[in-house]
4 protein chains.
Amino acid sequence: MNERSFIFDIIMHNKYDLILRAAEKIIATGGIQGLSMQQVATEAGVAAGTIYRYFKDKNELILELRKDVLSQVAGAILADHDLGTLEQRFKRIWMKMHNYGKQRTSTNLSYEQYAHLPESNTNEIRQLEMELFAPLQQLFEEGIKQGLIQPLNPRFLYAIAMEPSMAIARSIRRGLIEYNEKDITLACDICWQAILIPTTSTN
Amino acid sequence: MNERSFIFDIIMHNKYDLILRAAEKIIATGGIQGLSMQQVATEAGVAAGTIYRYFKDKNELILELRKDVLSQVAGAILADHDLGTLEQRFKRIWMKMHNYGKQRTSTNLSYEQYAHLPESNTNEIRQLEMELFAPLQQLFEEGIKQGLIQPLNPRFLYAIAMEPSMAIARSIRRGLIEYNEKDITLACDICWQAILIPTTSTN
Amino acid sequence: MNERSFIFDIIMHNKYDLILRAAEKIIATGGIQGLSMQQVATEAGVAAGTIYRYFKDKNELILELRKDVLSQVAGAILADHDLGTLEQRFKRIWMKMHNYGKQRTSTNLSYEQYAHLPESNTNEIRQLEMELFAPLQQLFEEGIKQGLIQPLNPRFLYAIAMEPSMAIARSIRRGLIEYNEKDITLACDICWQAILIPTTSTN
Amino acid sequence: MNERSFIFDIIMHNKYDLILRAAEKIIATGGIQGLSMQQVATEAGVAAGTIYRYFKDKNELILELRKDVLSQVAGAILADHDLGTLEQRFKRIWMKMHNYGKQRTSTNLSYEQYAHLPESNTNEIRQLEMELFAPLQQLFEEGIKQGLIQPLNPRFLYAIAMEPSMAIARSIRRGLIEYNEKDITLACDICWQAILIPTTSTN
DNA sequence: AATGAATGAGGATTCATTCAT
DNA sequence: GATGAATGAATCCTCATTCAT
């Protein structure tokens, strides 16, 4: 674990990332409480003191990691977010979010640790979150403008239509529900239908 | 902080509860990571050693607190859960959950800390959770039997119809959305409609 | 362990002894370091506070126990010390000491804990020790006066002739030597011969 | 206590030894029970945390100290153990043991604390003890083979002939006997004679 | 006299952070 | 820039002792 290959060094060419990834892995495994700087150093293959050349202190390390992880998650979920109809776009995001949330990767597991932290350091995080998830907000706003989606605060819409995606993923990841593709597709559709303005169908 | 009134002593007549409430308060404020036994002792107005007469160690204190808080939350949310039609019952629970989640009480704030912890100690907690929320599960199952609600795993239904209640409450509590009674009512209705089997209404 | 029979109460009629025996047992099992007042109380079937009605503090409890145990040991070893010839008397003591030291009784096991403590509280103990083992000293002095035993300080004689008895017992108790009656008898005889003035045998 | 001279640093050049010697001193003074890590740190002139860079925990510190002290003692006692006749060899060891045991050095005083501990950690210690004192055992075995020494288990022989050496030293160190060179020499000779097979001397 | 709940000082251990090399 | 030994405050927990009942 101390021998780093040449290729490895190119990919992870700077220690900043190395340290971030090490921290991410440890948090994914043992929770935020289980994060010690010495562990991070060992996992990253650097000396404890070196961390402090890249991060002011432990808080900053965690804050930067949160931002980094948030960016990764948003990037993964919102890839190709602008292709197709509104419905296609929504469902693509919903499914990506779901599939992402089901994973046992360090990134996803550590992400979930931050989500419900006591409310500290959060202004900077919130700001970033809003920026990163702007496309999703725009999607909702576009739907509202088109008279398709309920005229509610996008955060309401997110709560109603997107939170279930993550919640279901979590349950599956924890083994509380068996995975069943058909049900997932149904749930996705239900979430989409839910926020639509019901067409007083003259059909 | 050492002077406890007579009334206070009647309400909080035993130290077990006193300690539990102190821990709850501290967790609500500073998160689980910020919980030190010394703090709990000070907040509870007892000596550090006294805690150990009531709880084997810190883990047990936290576990018992989780169970206690879970019971409180379930009790508050499921009060009168069995009155009225399925729809009335669902909406009553939804609204109670929402109103509960909006509060800045220690109980609610600490509750949210546990909900997304790394997966430890969880067997006992899960078991209790299932027992406490059984009425909600029954409600879903009843709806399915009646051909009213989508035949999905109750956890799916919970994720789709109930998680939004908490998610919205959280956003309001955090000041990210302004409270608006009409929107809440609408959201509640949307969540209810969402899990119903659409009546291919020939109406 | 909480139910004490009537007979038991007569034998151990006072709590002083009850506490002493409890402490002895705990020390025998877990060493002096493993002695907590709470444990003593539980083992003795009394409240923690009660111990302090009989002993000023933990030090005094241990000191009194040492004195008590020393008396028991001396009593057991020196029973019938004055019957027979010098040789018979010596060998009886040697064998009793050996047999006593082989036991895994609380009394013996706790006794060995004290023997090599750092030198504190020892004046009182030494005084008692000298009193209790006076018969043994007299035996040596008598032998010297008769021109039978080497004219050495009785403590020398004790060290040469008696320490081996305990040392061998200890080794057997600890399973380092197998017990073999003939060898013990031989060792006892060797120890006796060792301190005799060699008779420039005209044989 | 923080200023360490240059010479001092050369002698005690590494903290491992520094800590070991500090622990040794404290045990010599106050017994094993009186050993706190804070005390060791203070005495050694290091921070409490530093100890844990060199020893996993208190148990390991004590274990390593026991091994270290045992080696020192064996080294001192068995120096030149193989020169001369059996008798010369025996008596040299006996006298060295005696002289060593008389000292009030930390090493000796702490050594005596371990010798009669409740039986824990002892496998490793026993193993080492056997290795270190092998020359003494060989001496006894050689004597037996030559038909000179009684054919007893070497541990018997040790108990009979060597324990007195330490016991007498202890009594002198504690001021219970006055030191008298002639008596010591006599005692040594008695111990040697004791384990010999008596020559049915036709003299 | 007896109780046992409560105390709080003290002990072992961890860990974020510093700094001489 | 990098190191990692050293620091010492902070943490969890124990336990001798007290005292109101």
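A quick note: this is a predicted structure, and the numbers were derived from the prediction, not measured. Each chain gets a letter, A, B and so on, in the order its sequence line appears, and its residues count up from 1.
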Between C/Gln38 and D/Ala47, who's closer to the 5' end of DNA chain F by nearest nucleotide? D/Ala47

Has D/Lys25 got more than 12 heavy atoms of other residues, nucleotides or ligands less than 6.0 Å from its NZ? no

Using whole Å, report how far NZ of D/Lys58 lies from C1' of F/dC13. 14 Å

Under 3.5 Å, is there a donor-acceptor pair between the C/Asn123 and C/Gln127 side chains? no

Watson-Crick/G-U partner (both atom distances under 3.5 Å) of E/dA20: F/dT3

If you look at every strand shown and take non-hydrogen atoms under 4.0 Å, does A/Ser36 touch a base, only sugar-phosphate, or nothing? sugar-phosphate

Identified pairing partner of E/dG11, criterion: Watson-Crick or G-U wobble below 3.5 Å: F/dC12

Donor-acceptor pair between B/Asn108 and B/Glu112 side chains, under 3.5 angstrom: no

B/Glu129 and B/Glu124, any side-chain heavy atoms less than 4.5 Å apart: no

Check the distance between E/dT13's C1' and D/Tyr52's OH and give it to me in whole angstrom. 5 Å

In this structure, how many angstroms lie between the C1' atom of E/dG11 and the CD atom of D/Gln39, rounded? 11 Å

Mind checking if C/Leu35 touches a base, just sugar-phosphate, or nothing, with heavy atoms under 4.0 Å? sugar-phosphate

Classify the nucleic acid contact of B/Tyr54 as base, sugar-phosphate or nothing, counting any heavy atom under 4.0 Å across all strands shown. sugar-phosphate

Base, sugar-phosphate alone, or nothing: which one does C/Ile51 contact when heavy atoms must sit under 4.0 Å apart? nothing

Tell me: CG of B/Leu18 to P of E/dT7, nearest whole Å? 10 Å

